[in-house]
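Chain naming here is simple, since letters A, B, ... match the order of the sequence lines and numbering starts at 1 in each. All values reported here derive from a predicted model rather than from experimental measurement.
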Number of protein chains: 2
Amino acid sequence: MDAAELFKALSDPTRRTILDELQRSDGQTLFEICGRLIMKHGLSSSRQAISQHLAVLEEAGLVTTRREGRYKFHHLDTSPLRSIVERWPINDD
Amino acid sequence: MDAAELFKALSDPTRRTILDELQRSDGQTLFEICGRLIMKHGLSSSRQAISQHLAVLEEAGLVTTRREGRYKFHHLDTSPLRSIVERWPINDD
DNA sequence: TTGACAGGCAAGTGGTTACTTGCATATAAA
DNA sequence: TTTATATGCAAGTAACCACTTGCCTGTCAA
């Protein structure tokens, strides 16, 4: 929603990797994301660190969540990115 | 070119305002940009601060420069933004 | 009910970064 | 040649941010 929160969310490389991972497989839980980041992306981030990153992404509207029992599933929403190309239309090369 | 530099450049509100200002009027000098930011956008940034912001934007490829004598003109280039929507295609609402 | 599992909250810490300050370089006008 | 103009460089400072640490809440299985 807010431009500041959107760009702040995108400014961190770990958060961008989380978006990549959710794009590959949408609807993952916190623990699933942690495992994938360590295994495949070679990142050694703690559960708390990833949790805080997901909160930032959710504030920016890039990630939505869905609760089911003790599980919380995370979904990618790329629609806030539209505001970027609307603000600065992309030139032809 | 590099994703880290691109998102880092976009993460600062003053730098985003500079992009807005260059979109309004392309090819401004450092002093012109300083004046506009103070006058119209209500920002009280020093010349050195703006100069450093422009260097970050130039490293990210969002601003190109052209020297003419003691003047240096700054031009907006939005093409690096294409990599964002290519990395995370925008969903339909 | 007890234990394991999934996640949340909050204070403290280290590194990054935006900004200032002071000086330097280069071009153009007087 | 002086002087003003336009910009560049580099060290120091203060605020911000990612991360850790420790403890707490809620859910489900045994």
Side-chain angles (χ1 to χ4, degrees), chain A residues 2-22 25-39 41-60 62-75, chain B residues 2-22 25-39 41-60 62-75:
Chain A
D2 189 60
E5 290 178 343
L6 174 63
F7 289 106
K8 177 192 164 192
L10 292 171
S11 69
D12 185 84
T14 301
R15 285 195 287 268
R16 294 196 296 272
T17 304
I18 292 175
L19 296 181
D20 291 336
E21 181 54 29
L22 287 179
S25 175
D26 201 43
Q28 296 187 66
T29 66
L30 173 58
F31 274 42
E32 287 173 331
I33 295 171
C34 284
R36 290 285 304 184
L37 289 185
I38 294 171
M39 297 290 185
H41 300 275
L43 299 178
S44 61
S45 301
S46 69
R47 178 185 61 86
Q48 291 84 346
I50 304 298
S51 177
Q52 289 171 355
H53 281 310
L54 286 169
V56 174
L57 290 169
E58 191 173 2
E59 281 186 10
L62 290 166
V63 164
T64 59
T65 58
R66 168 175 55 93
R67 264 272 184 197
E68 279 189 22
R70 57 178 166 175
Y71 298 105
K72 188 177 182 182
F73 300 100
H74 300 266
H75 297 268
Chain B
D2 190 59
E5 290 179 343
L6 173 63
F7 289 107
K8 177 191 165 192
L10 291 171
S11 67
D12 185 84
T14 302
R15 285 196 286 267
R16 293 196 296 271
T17 305
I18 291 174
L19 295 182
D20 291 336
E21 181 54 27
L22 286 180
S25 176
D26 201 43
Q28 297 187 67
T29 67
L30 173 58
F31 272 41
E32 287 173 330
I33 295 172
C34 283
R36 291 284 307 183
L37 289 185
I38 294 171
M39 296 292 185
H41 301 274
L43 300 179
S44 60
S45 301
S46 69
R47 176 185 63 84
Q48 291 86 346
I50 303 298
S51 177
Q52 290 169 355
H53 282 310
L54 286 169
V56 174
L57 290 169
E58 191 172 2
E59 281 187 10
L62 290 166
V63 164
T64 58
T65 59
R66 170 174 53 93
R67 263 271 182 201
E68 279 190 22
R70 58 175 167 176
Y71 298 104
K72 188 177 181 183
F73 300 100
H74 300 266
H75 297 268

Review point. Can you name the residues that form a salt bridge (charged side-chain N to carboxylate O under 4.0 Å, His left out) with B:D20, not counting sequence neighbours?
Key: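 Listed in chain order: A:R87.
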Atom pairs and distances, side-chain donor-acceptor, residues 7-17 of chain A, under 3.5 Å, sequence neighbours left out:
unit_1 : atom_1 : unit_2 : atom_2 : d
A:S11  : OG     : A:K8   : O      : 2.7
A:D12  : OD2    : A:T14  : N      : 2.9
A:D12  : OD2    : A:R15  : N      : 3.2
A:R15  : NE     : A:A9   : O      : 2.9
A:R15  : NH1    : A:H53  : ND1    : 3.1
A:R15  : NH2    : A:K8   : O      : 3.0
A:R16  : NH1    : A:L10  : O      : 2.8
A:R16  : NH1    : A:S11  : O      : 3.4
A:T17  : OG1    : A:P13  : O      : 2.9

**Study point:** Neighbours of DNA chain C within residues 27-36 of chain B, by heavy-atom distance under 4.0 Å
**Key:**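 Here the set is empty: none.
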Practice item. Could you tell me the separation between the CD atom of A:E58 and the P atom of C:dC9, rounded to a whole number of Å? Key: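 Distance check: A:E58 CD to C:dC9 P gives 11 Å.
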Point to revise | Distance in angstrom units between A:I50 CD1 and C:dA6 P, rounded | key: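 Distance check: A:I50 CD1 to C:dA6 P gives 16 Å.
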With respect to the phosphate group of [N], does any side-chain polar atom (N or O) of [X] fall under 4.0 Å of OP1 or OP2?
X     : N      : result
A:S46 : D:dT20 : yes
B:K72 : D:dG8  : yes
A:S51 : C:dG7  : no
B:H53 : C:dC19 : yes

Review point. When you check every protein heavy atom under 4.0 Å of nucleotides 11-16 of chain D, what one-letter string (B, S, -) results, 5' to 3'?
Key: ------
Check your understanding: Between residues 14-21 of chain B and DNA chain D, which residues have a heavy-atom gap below 4.0 Å?
Key ->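 The answer is none.
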Exercise for review: With a 4.0 Å heavy-atom cut-off, tell me which residues in residues 62-71 of chain B come close to DNA chain D, sorted by residue number.
Suggested key: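 Residues of residues 62-71 of chain B under 4.0 Å from DNA chain D: B:R67, B:R70, B:Y71.
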Check your understanding: Who are the side chain to side chain contact (heavy atoms under 4.5 Å, CB included) partners of B:E32, not counting sequence neighbours?
Key ->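 Expected list: B:Q28, B:T29.
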Check your understanding: Which pairs with one or both residues in residues 62-73 of chain A pass side chain to side chain donor-acceptor pair (under 3.5 Å), sequence neighbours excluded?
Key ->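 Qualifying pairs, neighbours excluded: A:E58-A:T65, A:R66-A:E68, A:R66-A:H75.
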What pairs of donor and acceptor atoms, side-chain ones from residues 41-51 of chain A against any protein atom, are under 3.5 angstrom apart with sequence neighbours left out?
unit_1 : atom_1 : unit_2 : atom_2 : d
A:H41  : NE2    : A:E21  : OE1    : 3.2
A:S46  : OG     : A:A49  : N      : 3.1

